[in-house]
Number of protein chains: 2
Amino acid sequence: MVKVSIKDIAKLSGVSAATVSRTLSKPSLVSKSTRKKVMKAVDETGYKPNRFGASLRTQKSNNVVVVMPDITNQVNAAIIRAIENEATKAGYSVLLGDTQNNIERDSYYGDMVTSGQADGILVFTPRIPFTINKDKPLREQLPPMVNSCEEIDSEYVHKVVIDNQLGAVKAMQHLLELGHTKIAAVKGPSMTPSTKARLDGYKQALIEAGIEVDNRFIITGDYGPESGFQAMEKLLRLKERPTAVFCFSDDMAIGAMNALREYDYDVPGDVSVIGFDDITYASLMSPKLTTIRQPLDQMGTQCMQILLKLMNGNKDVEKYVELPTELIVRQSTGPLVS
Amino acid sequence: MVKVSIKDIAKLSGVSAATVSRTLSKPSLVSKSTRKKVMKAVDETGYKPNRFGASLRTQKSNNVVVVMPDITNQVNAAIIRAIENEATKAGYSVLLGDTQNNIERDSYYGDMVTSGQADGILVFTPRIPFTINKDKPLREQLPPMVNSCEEIDSEYVHKVVIDNQLGAVKAMQHLLELGHTKIAAVKGPSMTPSTKARLDGYKQALIEAGIEVDNRFIITGDYGPESGFQAMEKLLRLKERPTAVFCFSDDMAIGAMNALREYDYDVPGDVSVIGFDDITYASLMSPKLTTIRQPLDQMGTQCMQILLKLMNGNKDVEKYVELPTELIVRQSTGPLVS
DNA sequence: CTGAAAGCGCTTACAG
DNA sequence: CTGAAAGCGCTTACAG
C-alpha cells in the first residue's frame with residue numbers, strides 16, 4: 001500500500017495543497033476547471049485525506065466511543081446497531097468499548113475522549129469512565145456524554161432511560177391479575193441501578209396487593225441465562241414453591257425455563273415465567289416468552305442524537321429522556337391453577 | 001472540558017516537550033528527578049497525550065476496523081468480542097463497521113485503512129472493501145487484512161476459515177445415520193460462499209448415500225430466524241414432506257422449529273432439525289438444538305493475532321488457517337420413525 | 001540526560 | 001478563485 005498525501009495530489013494536478021483541500025471539502029469555492037484537474041488526480045491515485053491530519057488541525061475526531069459491559073448480549077447488540085446507524089449518517093465512526101464487565105477497562109475507553117480520540121462518549125455502565133477531579137465542579141469536567149441502561153448517579157449527566165420500576169410493576173401486575181400470589185424474583189447484580197429499581201417495583205406491586213415480601217423468593221443472578229437456570233433450581237428446592245417467577249432479564253427467564261423443563265415442570269402450567277427486555281429470542285422460545293419490552297432501537301437512536309447535539313455545542317439539549325416500556329403477553333405466563 | 005497539551009505539561013514541570021514525551025513513552029531515558037516533576041504535572045492536570053498528534057508523527061493509528069454484516073447476529077457478536085479482547089491486549093482499539101448488509105457501506109469502512117485511520121482491517125464479508133486498481137497487482141495494494149466467515153475469492157488474502165463443506169457433510173451424515181433419506185436444506189443467500197460450500201456438502205453427502213438431490217427440498221433463506229420460519233412453511237406444503245431439515249444457521253433452525261411447533265409437528269418426532277454455528281441460544285431451545293459448532297471465539301482470536309503480525313510487518317504469517325467444526329448432538333434430531 | 005528543531009497531513013484566515 | 005504560511009500535538013534524530 002502506497003500512501004498518497006495532499007501534496008502528491010497538489011503536485012499531480014498543478015495546484016496548491018490548499019486548493020486540493022478546498023476541492024474536497026468545499027468544492028463551491030473552487031473553479032470548475034481546477035476542480036476537474038484535482039478530481040482527476042484524486043481518482044487516479046485513490047487518494048483519501050488522512051483523518052489524523054485533519055483532526056489535528058480541526059480538533060475534531062469524528063469518532064464516538066461506546067462503553068458497554070458485553071457486546072454479546074442481545075440488548076447491547078441491538079442498541080449499538082442503532083447507534084452505529086445514526087452515527088454513520090452523521091459522519092461519525094464508532095469505537096467499540098466492550099468492558100467485559102471489567103471495571104478497569106472503563107477508564108481505558110473513557111480516556112479516548114480525554115485524549116481527543118473521540119469527540120463524545122456513550123456510557124451503558126453506571127460509572128463515569130474517567131477520572132474526575134473532586135475539587136472542581138463535575139459539570140465543567142464532562143465531555144459530551146450520554147448515559148443509558150444503567151444510570152449514573154449524577155444529575156449533570158444526560159440520560160436516556162426507561163422507568164425500570166414501572167416496568168417491573170407492569171410485569172408484577174400481569175402476574176397478580178393471573179391470580180398468582182407466590183411470585184419469585186430473579187434479579188441482576190445488586191449494585192446495578194436497573195436491578196435496584198426493578199426490585200423496588202417488585203416489592204411495591206406485592207405490597208400494594210397486600211402480599212408480604214418473602215426474601216427467600218428473591219434470588220440474585222447476573223442477567224445471563226446460566227444464572228437464571230441456577231436461580232430457578234434454588235427456587236424449586238423451596239418447601240413452598242413460587243407459582244410465578246419474574247426474571248429481570250429475558251436471558252435469565254430463558255435460563256429459568258430451561259431449568260423448569262429439565263425438572264419436568266410445565267410452563268406456564270406449573271410455573272409462569274416473565275422476562276424483561278424483549279430480545280429477539282424471547283418470541284422464539286417454546287413457550288414464547290412473556291416479557292416487558294425495552295425500546296432498544298429507540299434507546300440507541302436517541303442516545304446518539306443527543307450526543308450529536310452535545311458535540312455540536314447545542315444549547316438546551318434534553319437532560320433526561322424517558323422511553324416507555326410495554327408488557328408483551330405471550331405464552332410463558334398463565335392463570336394460577338389451584 | 002479543558003484540553004491540556006504537552007506544552008502545558010512542559011511549562012508546568014519546567015522541562016521541554018521532548019522530555020515530557022520521553023517520560024511518558026520511554027521513561028528509562030529520563031532521570032528520576034525530572035520524571036517525578038513531569039509525572040506530578042501529568043497527574044495534577046489529568047493529561048492524556050493526544051493520539052492524533054502522535055499518530056500523525058508515527059504514522060500509526062493503533063486502530064483496527066472490523067467489517068461485519070450485522071453486529072446483532074450472535075455469530076458476529078461472539079467473534080467481535082474475541083477480537084476486541086485480543087486487540088485491547090495489544091494496545092489497539094476497534095472501530096466497528098456494521099454494514100447492515102449494505103454493500104455500499106463496505107467501502108466506507110475500507111477507506112478507514114486507506115485514509116490512515118486504521119492500521120489494519122478484519123473483513124467478515126466476501127468482498128474486498130476498497131477500490132482496487134485492476135492494472136496493478138493486488139498483492140501490492142493490500143493493507144494488513146484478514147478475512148473470515150465469508151471467504152474473499154483471492155489467494156492473496158489472509159484467511160481464518162472453517163471447512164464449510166465438511167461441516168455440512170457432518171450434519172448430513174448424522175441425519176443419514178438416523179435413517180433419514182428425505183432431508184431438506186434451508187440455505188443462506190446464494191451468493192454467500194459459506195452457503196455455496198455447505199450446499200456442496202449437502203449434495204455430496206446425499207450423492208454418496210445414493211440419494212438423489214431433489215431441488216424442491218432446497219429452500220433459500222437469509223440466515224435469520226424469520227426466513228427459517230418461512231422456509232419451513234414452504235417445506236410443509238410439499239406433498240412429500242422431508243423428515244429432516246438441515247438449516248445452514250442456528251437462527252434459521254430456530255425459526256424452522258418455531259414453524260413446526262406452530263403447525264403442531266413434533267421435533268424430532270415428526271421432523272428432525274439440525275443447525276449450524278452453535279450460538280448460545282442453540283442449547284437453550286426446547287428441544288435443544290443439534291448443530292455444527294463453529295469455534296467462534298478461536299476464529300476471532302486467530303484473526304486478530306494474524307492481523308497483529310501483519311501490522312508488525314512480520315514475514316511468513318499464516319496465509320490460511322483452518323479451524324475444526326464439531327457435531328454437537330442434542331435433542332432436535334432423532335431416528336426416523338416410519 | 002536534555003533541548004531545539006523539523007515535520008507528520010491537514011485546514012483556514014489572510015492577502016491578493 | 002488561489003496560494004503561502006501558520007499551526008494543530010506529538011515524536012525523534014541530532015547535537016550537546
Side-chain angles (χ1 to χ4, degrees), chain A residues 1-39 41-42 45-63 91 111-119, chain B residues 1-39 41-42 45-63 91 111-119:
Chain A
M1 253 205 345
V2 194
K3 294 272 176 187
V4 19
S5 84
I6 198 166
K7 282 187 197 159
D8 300 319
I9 302 298
K11 209 173 293 170
L12 254 162
S13 49
V15 299
S16 71
T19 299
V20 175
S21 174
R22 286 190 201 103
T23 307
L24 261 19
S25 47
K26 299 189 186 92
S28 63
L29 297 182
V30 179
S31 82
K32 208 171 159 186
S33 64
T34 43
R35 229 186 295 167
K36 221 155 82 185
K37 280 189 294 187
V38 172
M39 288 317 293
V42 168
T45 54
Y47 167 69
K48 299 284 168 195
N50 179 310
R51 267 225 341 224
F52 294 143
S55 289
L56 195 55
R57 170 67 221 231
T58 60
Q59 301 287 29
K60 263 203 87 200
S61 68
N62 288 303
N63 284 151
D111 286 347
M112 289 183 175
V113 190
T114 325
S115 71
Q117 203 187 150
D119 302 327
Chain B
M1 251 200 354
V2 194
K3 294 271 177 190
V4 19
S5 86
I6 198 168
K7 282 188 199 159
D8 300 320
I9 303 298
K11 208 174 293 170
L12 253 162
S13 50
V15 300
S16 73
T19 298
V20 174
S21 175
R22 286 191 202 101
T23 307
L24 260 18
S25 47
K26 299 188 185 93
S28 64
L29 296 182
V30 178
S31 81
K32 206 169 159 190
S33 64
T34 44
R35 228 186 296 166
K36 221 155 84 185
K37 278 189 295 186
V38 173
M39 290 316 294
V42 168
T45 55
Y47 168 69
K48 299 284 167 195
N50 178 312
R51 268 224 342 225
F52 294 142
S55 289
L56 194 56
R57 171 66 222 233
T58 58
Q59 300 289 25
K60 263 202 87 201
S61 69
N62 288 304
N63 284 149
D111 287 346
M112 289 182 175
V113 191
T114 325
S115 70
Q117 203 186 150
D119 302 328

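Each chain gets a letter, A, B and so on, in the order its sequence line appears, and its residues count up from 1.
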For the side chain of B:S16, counting heavy atoms from C-beta on, which of D:dG3, C:dA4, D:dT11 is nearest? C:dA4
Between atom [atom1] in [X] and atom [atom2] in [N], what is the gap in whole Å?
X     : N      : atom1 : atom2 : result
A:L29 : D:dG3  : CG    : C1'   : 14 Å
A:Q59 : C:dC10 : CD    : C1'   : 12 Å
B:F52 : C:dT11 : CZ    : C1'   : 15 Å
B:R57 : D:dG9  : CZ    : C1'   : 12 Å
A:R51 : C:dT11 : CZ    : P     : 12 Å
B:L56 : C:dT11 : CG    : P     : 12 Å
A:K37 : D:dC1  : NZ    : P     : 14 Å
B:L24 : D:dT12 : CG    : P     : 13 Å

[Y] side chain reached by [X] side chain, heavy atoms, under 4.5 Å:
X     : Y     : result
B:R51 : B:N63 : yes
A:V30 : A:V38 : no
B:D8  : B:T45 : no

Please confirm whether the shortest side-chain N or O distance from [X] to OP1 or OP2 of [N] is below 4.0 Å.
X     : N      : value
A:S31 : D:dC1  : no
B:T34 : C:dT2  : yes
B:T19 : C:dG3  : yes
B:K7  : D:dC10 : no

Pairwise P distance, D:dC1 and D:dA5 [rounded to whole Å]: 24 Å
Distance check, C1' atoms only: C:dG16 and C:dT12, in whole angstrom units. 16 Å
On a heavy-atom basis, the closest approach of B:F52 and A:G116 is CE1-O, 3.0 Å
Minimum heavy-atom distance between B:I9 and B:S13, given as atom pair plus value: O-OG, 2.6 Å
Need one value for [X]: base, sugar-phosphate or nothing, where a base atom within 4.0 Å counts as base even if backbone is also close, heavy atoms only.
X     : answer
B:R22 : base
B:K60 : nothing
A:A54 : sugar-phosphate
A:K32 : nothing

Checking B:T23 side chain against B:T19 main chain: does a donor-acceptor pair fall under 3.5 Å? yes
Closest to the 5' end of DNA chain D, once B:K26 and B:G53 are matched to their nearest nucleotides, is B:G53
Taking pairing as Watson-Crick or G-U wobble with both contacts under 3.5 Å, can you name the mate of D:dA13, or confirm there isn't one? none
